[in-house]
Asks: 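One structure, pasted below without further comment.
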2 protein chains.
Amino acid sequence: MNSNGDGTARARETGTLGKLMVLLDLVTHADAPLRFTDILALAGQPRGTLHRQLSHMVEEGLIELDGDGRYAPGLRLLDFAARSWARNEFRLIAEPHLADLQRATGETVHLGVLRGQSIIYLDKVEGRQPVRMYSQIGNASPCYCTGVGKAALSLLPAESLVDLVASLSFTSFTASTHGSAETLLAEIREIADQGYAFDREEHEAGICCVAAPVWSEDRTFMGGISITGPAYRLSMELLHQWAVPVQLAAGRIMEGMRVRLGPRR
Amino acid sequence: MNSNGDGTARARETGTLGKLMVLLDLVTHADAPLRFTDILALAGQPRGTLHRQLSHMVEEGLIELDGDGRYAPGLRLLDFAARSWARNEFRLIAEPHLADLQRATGETVHLGVLRGQSIIYLDKVEGRQPVRMYSQIGNASPCYCTGVGKAALSLLPAESLVDLVASLSFTSFTASTHGSAETLLAEIREIADQGYAFDREEHEAGICCVAAPVWSEDRTFMGGISITGPAYRLSMELLHQWAVPVQLAAGRIMEGMRVRLGPRR
DNA sequence: AATTAAGTTCCAAATAATGGAACAATGATA
DNA sequence: TATCATTGTTCCATTATTTGGAACTTAATT
């Protein structure tokens with residue numbers, strides 16, 4: 001009875017909050033502001049119930065209702081996110097090392113962490129003309145077709161990895177995107193051995209990267225950093241060369257966390 | 001019984017959600033991750049209740065619990081915010097005009113909207129070396145001591161304005177910050193007449209700006225755009241000169257909204 | 001080892017959410 | 001303009017969740 005967009009059952013134990021989050025997901029994932037009836041159809045709840053739920057969320061600023069009766073994500077979310085980002089310890093510690101790596105290679109550097117099945121990008125340092133950052137930072141990307149994602153997966157204990165991979169639905173973004181759990185798991189094993197990962201145009205055609213895993217000892221953060229760029233400029237040979245500096249930068253970030261957060265994490 | 005940080009009573013009709021949002025506010029506004037007991041003291045709720053509430057929010061990714069039992073804002077908020085920002089129509093329409101204004105003046109240009117008592121910055125276009133953007137975008141600043149804030153206030157109908165101003169608590173960020181409703185209301189009236197506002201180092205010492213109001217016809221967005229810079233470079237004379245281009249840019253943004261969103265808004 | 005503090009679980013009572021239907025407003029069509 | 005269809009809002013008895021107190025477990029401190 002309780003289901004989300006892609007038809008998978010959802011049995012979370014989060015009471016009232018869980019129901020509201022489903023609605024927030026609907027509104028924020030839509031391509032355009034939704035009308036009451038649209039949400040009614042998607043959520044499959046009684047009109048009265050839905051109306052009250054939406055009213056409460058509008059009142060709290062999580063979603064907004066415009067003059068045409070369309071529901072859009074609320075701007076209060078920006079304030080929450082800005083605070084969340086500004087004080088994130090992992091990001092603060094990594095920042096200078098990302099800048100170093102960018103200078104050393106001239107290409108774009110990313111920092112991302114695993115959350116559920118997604119990689120959430122926490123930072124991005126670009127080469128020449130720094131483009132709009134926010135359009136990338138905060139973005140959630142699939143873990144199975146990004147360098148940072150596969151690097152993060154290589155940190156999981158065997159059982160968690162199998163569970164997570166089993167729950168993925170593989171979307172083929174390009175011709176080289178992994179299409180099955182088997183091939184993905186095989187590559188993850190390889191990555192775990194060698195300590196770095198590649199993205200061979202698996203998420204976006206013409207874009208490739210080399211990534212290294214980064215984690216905090218308490219496993220609050222399991223993610224990675226990557227050097228990303230256009231395939232015509234970044235040959236596999238070059239990416240292989242860069243595996244070393246990426247791993248070194250990853251090591252320095254983890255060393256920084258040990259110093260800052262104390263040895264027991 | 002239900003109170004927030006600054007002791008003001010809070011009587012919202014948002015049921016369970018309202019209580020959870022109070023907690024999310026606590027966690028995101030804190031200077032550092034909070035321990036269970038810290039939150040217990042701040043929230044003033046029974047242990048069992050608080051524990052379940054926090055568990056639910058952790059489960060949903062709104063807050064995170066690290067290995068030391070400290071609660072921090074959740075990174076899922078970043079994903080929500082990134083989507084909220086990426087598709088915001090007001091921002092999308094304003095973007096090119098902000099860039100024009102930046103080029104014309106060489107100084108930093110902001111776009112912000114009024115939400116409650118705060119201005120939430122939706123965009124920022126910087127001059128020479130584009131600095132980290134996200135550190136500004138999404139930030140909530142007081143409405144009574146920012147150029148965009150006062151410009152936005154000048155759009156409110158008399159009664160709403162008085163109500164809002166009456167609910168403000170005036171923090172003196174600098175020597176020139178407004179300290180009372182009277183002086184603020186007097187300036188707002190002036191701004192409403194002339195159509196532009198100044199910030200004379202009222203929020204941050206050494207930083208001033210000139211701003212013009214921008215709004216959508218349905219009043220979903222009431223905000224403004226501003227040209228901001230260091231006081232040593234931006235004399236009051238220069239700011240007065242820039243009032244015209246800022247107002248023109250504001251006009252073009254509103255024209256763009258009429259075209260895009262239809263004439264009835 | 002004893003003591004204090006911190007975190008977790010349990011359950012009857014209090015409270016809020018639900019869902020169905022009736023009602024109101026809007027907009028399309030003849 | 002009158003009619004019908006659609007969309008959005010309000011109400012209230014029923015149902016389900018949240019609440020708050022206490023008991024319990026675990027971790028840290030003396």
Side-chain angles (χ1 to χ4, degrees), chain A residues 1-3 10-27 30 32-60 62-72 217-218 220 261-265, chain B residues 1-3 10-24 26-27 30 32-60 62-72 217-220 261-265:
Chain A
M1 183 199 182
N2 204 357
S3 66
R10 172 197 285 250
R12 285 196 289 208
E13 291 297 319
T14 50
T16 301
L17 178 61
K19 298 165 194 163
L20 297 178
M21 293 301 286
V22 171
L23 296 181
L24 189 55
D25 263 340
L26 282 177
V27 171
L34 297 173
R35 327 198 82 234
F36 180 82
T37 314
D38 299 331
I39 305 176
L40 187 63
L42 290 166
Q45 296 206 69
R47 301 161 89 82
T49 299
L50 181 65
H51 186 262
R52 178 183 39 75
Q53 289 170 332
L54 291 175
S55 301
H56 285 182
M57 290 203 287
V58 167
E59 179 87 9
E60 290 292 345
L62 297 178
I63 60 182
E64 299 187 354
L65 179 57
D66 70 20
D68 293 349
R70 302 182 309 166
Y71 292 91
E217 287 186 32
D218 68 356
T220 299
L261 303 179
R264 293 245 147 258
R265 305 178 65 192
Chain B
M1 183 202 178
N2 205 357
S3 64
R10 174 198 285 249
R12 285 194 291 207
E13 290 299 319
T14 50
T16 302
L17 178 61
K19 298 164 195 163
L20 297 178
M21 292 302 285
V22 171
L23 296 181
L24 189 56
L26 281 177
V27 172
L34 296 172
R35 323 190 101 228
F36 180 83
T37 315
D38 300 331
I39 305 176
L40 188 63
L42 290 167
Q45 297 206 68
R47 302 163 89 79
T49 299
L50 182 65
H51 187 262
R52 178 183 38 76
Q53 289 170 332
L54 291 174
S55 301
H56 283 182
M57 289 203 287
V58 167
E59 178 87 9
E60 290 293 344
L62 297 179
I63 60 182
E64 298 187 356
L65 179 57
D66 69 20
D68 293 350
R70 301 184 309 167
Y71 291 92
E217 286 186 33
D218 68 355
R219 301 275 151 160
T220 299
L261 304 179
R264 291 246 147 257
R265 306 177 64 192

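This one's a predicted model, so the numbers in the text were calculated from it and none came from an experiment. Each chain gets a letter, A, B and so on, in the order its sequence line appears, and its residues count up from 1.
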Asks: Would you kindly give the CD-to-P distance between A/Q45 and C/dT18, to the nearest whole Å?
Replies: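 Rounding to the nearest Å, CD of A/Q45 and P of C/dT18 are 6 Å apart.
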Asks: Measure CZ/B/F36 against P/D/dT25 and give the value in whole Å, please.
Replies: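 It is 18 Å, rounded to the nearest whole Å.
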Asks: Expressed in angstrom and rounded to an integer, what is the separation of A/L54 atom CG from C/dT18 atom P?
Replies: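 About 12 Å, once rounded to whole Å.
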Asks: Base, sugar-phosphate, or nothing: which does B/T49 touch, judged by heavy atoms less than 4.0 Å apart?
Replies: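 The answer is base, as B/T49 lies within the cut-off (heavy atoms under 4.0 Å) of a base atom.
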Asks: B/T16 side chain N/O closer than 4.0 Å to the phosphate oxygens (OP1, OP2) of D/dT17?
Replies: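 Result: no.
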Asks: Tell me: CZ of A/R47 to P of C/dA22, nearest whole Å?
Replies: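 Taking CZ of A/R47 and P of C/dA22, I get 13 Å after rounding.
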Asks: Would you check if the side chain of B/R219 reaches a backbone N or O of A/G67 as a donor-acceptor pair within less than 3.5 Å?
Replies: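 It does not hold such a pair.
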Asks: Starting at atom CG of A/L40, determine the distance to atom C1' of D/dT6, rounded to an integer number of angstrom.
Replies: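 Value for this atom pair: 12 Å.
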Asks: Using every non-hydrogen atom in the two residues, find where A/L23 and A/Q45 come nearest and quote the distance to one decimal.
Replies: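 Smallest interatomic distance, heavy atoms only, reads CD2-NE2, 4.4 Å.
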Asks: For A/E60 and B/T14: C-alpha separation, side-chain torsions, deciding distance, then whether side-chain hydrogen bond (donor to acceptor under 3.5 Å, both in side chains) applies.
Replies: CA-CA 7 Å; A/E60 290 292 345; B/T14 50; 2.7 Å; yes
Asks: What is the distance, to the nearest angstrom, from the CG atom on A/L65 to the P atom on D/dG8?
Replies: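 Computing the A/L65:CG to D/dG8:P distance gives 9 Å.
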Asks: Looking at every non-hydrogen atom in both residues, tell me the closest pair between B/Y71 and B/V27 and how far apart they are.
Replies: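 Heavy atoms only, the tightest pair is O-CG1, 4.0 Å.
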Asks: 5'-most contact on DNA chain D: A/D38 or B/H56, nearest heavy atom basis?
Replies: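 Nearest nucleotide further toward 5': that of A/D38.
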Asks: What's B/T37 touching, base or sugar-phosphate or nothing? Going by heavy atoms closer than 4.0 Å.
Replies: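 Contact class for B/T37: sugar-phosphate only.
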Asks: Tell me: NE2 of A/H51 to P of C/dA25, nearest whole Å?
Replies: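 Rounded to whole Å, this separation is 13 Å.
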Asks: Sort out for me which residue in B/H56, B/M57, B/R52, B/H51 forms a side chain to side chain contact (heavy atoms under 4.5 Å, CB included) with B/L54.
Replies: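 The residue from B/H56, B/M57, B/R52, B/H51 that satisfies side chain to side chain contact (heavy atoms under 4.5 Å, CB included) with B/L54 turns out to be B/M57.
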Asks: Just the rounded figure in Å: distance from P of D/dT10 to CG of A/L50.
Replies: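 From A/L50 CG to D/dT10 P: 14 Å.
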Asks: Give the nucleotide from the list D/dT9, C/dA17, D/dG20 with an atom nearest to the side chain of A/Y71.
Replies: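 In terms of side-chain proximity for A/Y71, the closest of D/dT9, C/dA17, D/dG20 is D/dT9.
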Asks: Need one value for A/R35: base, sugar-phosphate or nothing, where a base atom within 4.0 Å counts as base even if backbone is also close, heavy atoms only.
Replies: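 Sugar-phosphate, backbone atoms only, no base.
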Asks: Does OP1 or OP2 of C/dA16 have a side-chain N or O of A/R52 closer than 4.0 Å?
Replies: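 The answer is no; no side-chain N or O of A/R52 sits under 4.0 Å from OP1 or OP2.
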